A.B. asks: 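My structure is below; once you've seen it, I'll send some questions.
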There are 2 protein chains.
Amino acid sequence: MPEPTLKDVAALAGVSPRTVSNVVNGYVHVAAATRAKVEAAIQELDYRPNILARNLASGRSGQIAVVIPYLDTPYFSELLQAIIPRARHRGFNVLIDQTDGDPAHEAELIRRRPRGFAYDGMIFSPLGLAQADLSQRDPDLPLVVLGERSSDGEFDHVGIDDVAAARDAVDHLISLGHRRIAAIGDQPYRTGEAAQRRTAGYRQAHEHAGLPVDDSLVIVTPRFNRVDGAEAMGHLLDREDPPTAVFAYSDLVALGAIRTILQRGLRVPEDVAVIGYDDIEDGRYNTPTVSTIAPDKAGIAAAAVDRLLERIDSGNDLPGKEIVCPYRLVPRESTVGPVTPD
Amino acid sequence: MPEPTLKDVAALAGVSPRTVSNVVNGYVHVAAATRAKVEAAIQELDYRPNILARNLASGRSGQIAVVIPYLDTPYFSELLQAIIPRARHRGFNVLIDQTDGDPAHEAELIRRRPRGFAYDGMIFSPLGLAQADLSQRDPDLPLVVLGERSSDGEFDHVGIDDVAAARDAVDHLISLGHRRIAAIGDQPYRTGEAAQRRTAGYRQAHEHAGLPVDDSLVIVTPRFNRVDGAEAMGHLLDREDPPTAVFAYSDLVALGAIRTILQRGLRVPEDVAVIGYDDIEDGRYNTPTVSTIAPDKAGIAAAAVDRLLERIDSGNDLPGKEIVCPYRLVPRESTVGPVTPD
DNA sequence: GCTGCAATAGTGAGCGCTAACATTTTTTCG
DNA sequence: CGAAAAAATGTTAGCGCTCACTATTGCAGC
């Protein structure tokens with residue numbers, strides 16, 4: 001037997017299809033008695049609306065795309081874990097697309113809706129694309145950009161104040177008495193805007209404290225992962241004048257750096273203090289636990305989803321909006337040492 | 001201006017909508033000249049088919065759901081990385097659903113297509129559900145089950161021979177001279193079928209070698225992660241007669257165990273040899289690198305996707321099929337020590 | 001030259017729902 | 001108490017595509 005349709009329900013309940021549709025979609029102006037009648041019919045037939053038909057009729061797919069560089073990088077997977085329930089709650093399903101940071105792929109995704117995919121809007125966390133590349137986008141695609149850049153009002157953007165966060169991280173190290181502080185993760189090239197903001201914060205913290213910046217302590221890494229952190233830390237420790245503290249541009253970098261420090265028989269934080277960025281779960285369970293900048297991931301996810309749906313509802317004719325979410329500095333063992341819990 | 005439709009293209013090309021549809025969908029019987037004409041019109045109008053309309057007309061969503069317990073567990077994320085391109089290549093988009101192993105959620109997903117989601121079939125990797133629970137499924141949902149169980153011909157199942165794989169892992173340790181071998185990860189309860197298969201392999205290997213099994217060396221853990229591995233290893237090392245080798249039921253467990261061993265000042269593999277299961281990337285880059293059972297993830301992904309699409313195409317009236325994929329034993333440093341590359 | 005079968009193209013009926021518009025019933029209030 | 005506003009429901013035309021069914025053409029075989 002074929003699936004029951006809305007018409008079947010209407011016939012059984014003795015009302016019009018329109019009324020059934022109203023009930024199914026929670027429209028307000030339905031008399032209680034009518035609603036009960038319709039719901040009984042729905043129960044009896046085990047009716048479920050055909051989503052495909054609804055999509056065509058409404059012109060909506062009920063899906064949003066979330067485009068991130070890496071699915072298995074903790075920061076992104078944790079962010080995704082926050083985005084999905086938020087979207088679900090609002091009646092939208094999430095399509096995930098991983099770009100590997102490939103600039104061509106990223107550019108293509110915002111330039112033109114790919115064939116065979118149905119989504120009503122996109123949350124996009126670019127990696128291989130510079131600020132400027134984002135203007136070449138499909139103006140009809142409702143878009144919210146995540147991450148470290150500013151939108152200049154051209155599009156919606158959700159993120160934290162990275163420069164301030166980086167400055168806070170380095171301030172924390174300075175306040176602990178450190179004077180030779182390395183930075184691991186700079187990317188002084190076109191698409192390294194995120195890294196450059198952290199470097200800017202690093203410099204600001206030094207300036208505020210009246211400390212000189214030793215440029216040789218700012219280490220460039222191609223990515224923000226464990227291996228990069230471990231290698232960079234190795235080079236730093238090979239120097240005659242190694243730093244006493246490290247600001248790592250991600251928790252993964254921090255974890256890699258800590259591992260190298262420990263492998264050399266040195267202690268964290270006694271010999272070298274380390275602070276990371278992102279507040280990923282691995283850092284919270286590491287030995288030592290990793291001090292970090294904790295962006296409000298739930299807040300970012302909620303803001304991004306809500307803004308995107310607002311934009312979709314509006315027919316995509318809203319001006320670009322800059323949404324700045326809070327972050328917290330979370331001191332843990334890797335900077336302040338073991339804390340005895342009460 | 002509204003999006004161009006198939007009709008617009010047909011008008012411009014001077015053919016019928018049907019012919020345009022044929023061209024778009026790569027139907028064979030289209031004269032080359034006609035095809036060229038239509039393609040030119042498509043180009044000119046920048047036409048893209050409306051997926052929503054196609055879905056309704058064809059009764060297909062072009063999407064499949066992949067249901068896994070955890071998105072950020074390396075084994076699953078790596079498997080997903082293999083499934084997605086395979087499905088894409090075949091013209092299907094992948095919807096990801098994470099269950100956290102929640103039995104109720106898992107049961108619900110296979111019992112009844114949730115409202116608001118469109119997919120034509122499901123690849124399902126159950127965690128909180130026992131074999132028996134799978135029979136309570138929606139018979140109309142094209143389903144392929146992944147992981148460690150057998151289907152008994154009731155549904156399609158793709159996996160490796162876990163009992164044999166576990167046996168091989170333990171054989172490997174035995175062949176290296178180990179006689180006291182622990183197993184970390186047993187789950188002797190209803191939903192622990194996967195773990196129980198590995199324990200069976202562990203026992204078989206002992207039997208074949210004529211070794212007695214010391215049941216106190218079979219450690220139960222609630223999950224297969226680093227923390228569980230680290231804790232279990234701690235208990236084992238606290239014993240008066242610690243094992244000289246460990247078969248960990250996942251690479252994460254192995255990584256946790258290795259960490260505990262190293263923290264105690266012992267060496268791997270000289271003091272304790274460790275072999276894992278899954279062949280995740282973390283294990284390949286760990287120090288020491290982790291010996292493991294490497295399931296053919298690409299093969300599993302391909303088999304699962306292909307079988308599911310076959311089932312969808314057939315209208316879901318295929319008998320259940322058991323697909324067994326190959327695996328490899330990969331000896332690395334954690335059992336055989338450093339290997340000098342040529 | 002005629003039949004018959006491929007190859008090629010056209011016609012039109014939906015797919016099951018939404019939503020604009022229309023209609024009827026109920027409520028509000030001077 | 002009657003007019004107007006609000007609530008409740010009905011009517012119906014699509015949404016843009018696919019696909020079963022038809023109609024036309026080309027050409028081999030006799």
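Numbers restart at 1 for each chain; the letters A, B, ... are given by sequence-line order, proteins then strands. Quick caveat: nothing in here was measured; it's all calculated off a predicted structure.
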A.B. asks: Taking side chain as C-beta onward, heavy atoms only, is B:Pro74 less than 4.5 Å from A:Asp72?
C.D. replies: no

A.B. asks: So, does A:Asn25 get its side chain near the phosphate of C:dT18, meaning an N or O under 4.0 Å from OP1 or OP2?
C.D. replies: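 Answer is yes, contact under 4.0 Å.
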
A.B. asks: Taking for each residue the nucleotide of DNA chain C with the nearest heavy atom, is it A:Ser58 or B:Ser58 whose nucleotide lies nearer the 5' end?
C.D. replies: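 The 5'-side residue here is B:Ser58.
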
A.B. asks: Starting at the 5' end of nucleotides 5-13 of chain C, put B wherever the base has a protein heavy atom under 4.0 Å, S where only the sugar-phosphate does, and a dash everywhere else.
C.D. replies: --SSSBB--

A.B. asks: Measure the shortest side-chain to side-chain distance between A:Glu3 and A:Arg48 over non-hydrogen atoms and say whether it is less than 4.5 angstrom.
C.D. replies: yes

A.B. asks: Rounded to whole Å, please give me the gap between CG in B:Leu52 and P in C:dT18.
C.D. replies: 13 Å

A.B. asks: Taking A:Ser21 for the side chain and A:Pro17 for the main chain, is one N or O donor matched with an acceptor at less than 3.5 Å?
C.D. replies: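 Absent.
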
A.B. asks: Whole angstrom is fine here: how far is it from CG in B:Asn50 over to P in C:dC15?
C.D. replies: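 The answer, rounded to whole Å, is 18 Å.
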
A.B. asks: Side-chain donor-acceptor pair under 3.5 Å between B:Asn55 and B:Arg60, yes or no?
C.D. replies: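 Looking only at side-chain atoms, B:Arg60 and B:Asn55 do not form any donor-acceptor pair under 3.5 Å.
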
A.B. asks: Reading DNA chain D 5' to 3', which nucleotide is the first, and which the last, to come under 4.0 Å of any heavy atom in chain A?
C.D. replies: D:dA7 to D:dG16

A.B. asks: With the side chain of A:Tyr47 defined as its heavy atoms from C-beta on, choose the nearest nucleotide among C:dC15, C:dT18, C:dC17.
C.D. replies: C:dC17

A.B. asks: Name all residues meeting the salt bridge (charged side-chain N to carboxylate O under 4.0 Å, His left out) criterion together with A:Arg18; count only those two or more places apart in sequence or in a different chain, and write none if there are none.
C.D. replies: none

A.B. asks: Quick one: A:Glu3 CD to C:dC17 C1', roughly how many Å, whole number?
C.D. replies: 14 Å

A.B. asks: Can you spot which of B:Ile110, B:Leu109, B:Val145, B:Leu129 makes a side-chain contact (heavy atoms from CB on, under 4.5 Å) with B:Arg137?
C.D. replies: B:Ile110

A.B. asks: Could you state the CG-C1' distance from B:Leu56 to C:dT18, rounded to the nearest angstrom?
C.D. replies: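 Computing the B:Leu56:CG to C:dT18:C1' distance gives 12 Å.
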
A.B. asks: Please examine the side chains of B:Gln63 and B:Phe117, heavy atoms only from C-beta on, and report whether any two atoms are closer than 4.5 Å.
C.D. replies: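 With C-beta onward as the side chain, the pair stays apart.
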
A.B. asks: Rounded to the nearest 0.5 Å, what separation is found between the CZ atom of B:Phe155 and the OG atom of B:Ser135?
C.D. replies: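 That separation rounds to 8.0 Å.
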
